[in-house]
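Quick note: residue numbers are just sequence positions, from 1.
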Amino acid sequence: MISIRSLIRAGLFASLIAILPAPSATAQEFSESHLAAAKAAAIASPLAQEFNTVLPFLANRVQNRLVSLRPDLHEVISTVVREVALRLTARRADLDNAAALLWAREFTEEELTAIAAFYNSPAGKKFVQLGPTLGKQTVQTVQNWSNRVGEELLDKSREELKKQGHEL
């Protein structure tokens, strides 16, 4: 299963960010309340929690690139990149707005309101917190079940074939 975190590690998430602000839908196609509901749902979702890691990832990548060019300026480069990154934190709103457009395109305002209400509820917050762990555990459970049932299917199929006079 590909997660946003693994995309970031692969360096592909930055490419996604570059194309994200240009979805086919425009803000003018939706009412203000629809966009507000989309933004609330998108920001409350587990996906948006990963957005917080994008700028630090990019800053680290830029810092490493610049330091590789001028290792003697490591301290100065680190300070400058950190300062510039802090000034760019306001650009996070661009990402949130682009994500909101994507959500607005897929969900009605009522659906978005319900999604945001869920993610902001105690159960939704617990879901966001436990989601990654539960996801991993669920995948492992499916794999374990598949292995057991697959072996049982193989054994029972062989038995049935043997009853019919076929040896495998």
Name the atoms and distances for all side-chain donor-acceptor pairs under 3.5 Å in residues 147-164, with sequence neighbours left out.
| unit_1 | atom_1 | unit_2 | atom_2 | d |
| --- | --- | --- | --- | --- |
| N147 | ND2 | Q143 | O | 3.3 |
| S157 | OG | L153 | O | 2.7 |

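The NE2 atom of H34 sits 11.0 Å away from atom CD of E29, with the distance rounded to the nearest 0.5 Å. Atom OH in Y119 sits 10.0 Å away from atom CD in Q49 (nearest 0.5 Å). Note that OG1 of T113 is 6.5 Å distant from CD of E110, once rounded to the nearest 0.5 Å. Going from atom CG of L95 over to atom CD1 of I43 covers 9.5 Å, rounded to the nearest 0.5 Å.
Residues satisfying the side chain to side chain donor-acceptor pair (under 3.5 Å) criterion with N60, sequence neighbours excluded, are absent altogether. By the side chain to side chain donor-acceptor pair (under 3.5 Å) test, N120 is found to be paired with no residue, residues two or more places apart in sequence or in another chain being considered. Legend: residues meeting side chain to side chain donor-acceptor pair (under 3.5 Å) with T79, ordered by chain and number and at least two apart, are absent. The salt bridge (Lys or Arg N to Asp or Glu O under 4.0 Å) check on R87 picks up nothing, with sequence neighbours excluded. Under the side chain to side chain contact (heavy atoms under 4.5 Å, CB included) criterion, A41 pairs with W103, L112, I115, A116, sequence neighbours left out. Among residues two or more places apart in sequence or in another chain, the side chain to side chain contact (heavy atoms under 4.5 Å, CB included) test is passed with T141 by none. Residues forming a side chain to side chain contact (heavy atoms under 4.5 Å, CB included) with Q129 (at least two apart in sequence, or on another chain): none. With sequence neighbours left out, the side chain to side chain contact (heavy atoms under 4.5 Å, CB included) criterion links V81 to A59, V62, Q63, L66, I77.
Hydrophobic clustering, defined by side-chain heavy atoms of Ile, Leu, Val, Met, Phe, Trp and Tyr closer than 4.5 Å, groups L134 together with L130.
Residue pairs meeting the ring-ring contact (aromatic ring centres under 6.0 Å, His included) criterion with at least one member in residues 123-160, sequence neighbours excluded, are F118-F127. For the salt bridge (charged side-chain N to carboxylate O under 4.0 Å, His left out) condition, the pairs that include at least one residue of residues 67-81, sequence neighbours left out, are R70-D72.
When the side chains of ILVMFWY residues are joined at heavy-atom separations under 4.5 Å, either directly or via intervening members, L47 and L55 end up in two distinct hydrophobic clusters. Cluster membership for V84 and V76, using ILVMFWY side-chain heavy atoms within less than 4.5 angstrom, is shared.
Using a 4.5 Å heavy-atom threshold, the side chains of L102 and R105 count as touching. Between F30 and L101, some side-chain heavy-atom pair lies under the 4.5 Å cut-off.
Residue R92 places its CZ atom among more than 12 non-hydrogen atoms of other residues, nucleotides or ligands, all under 6.0 Å distant.
Across every non-hydrogen atom of L86 and T89, the tightest pair is O-OG1, 2.8 Å.
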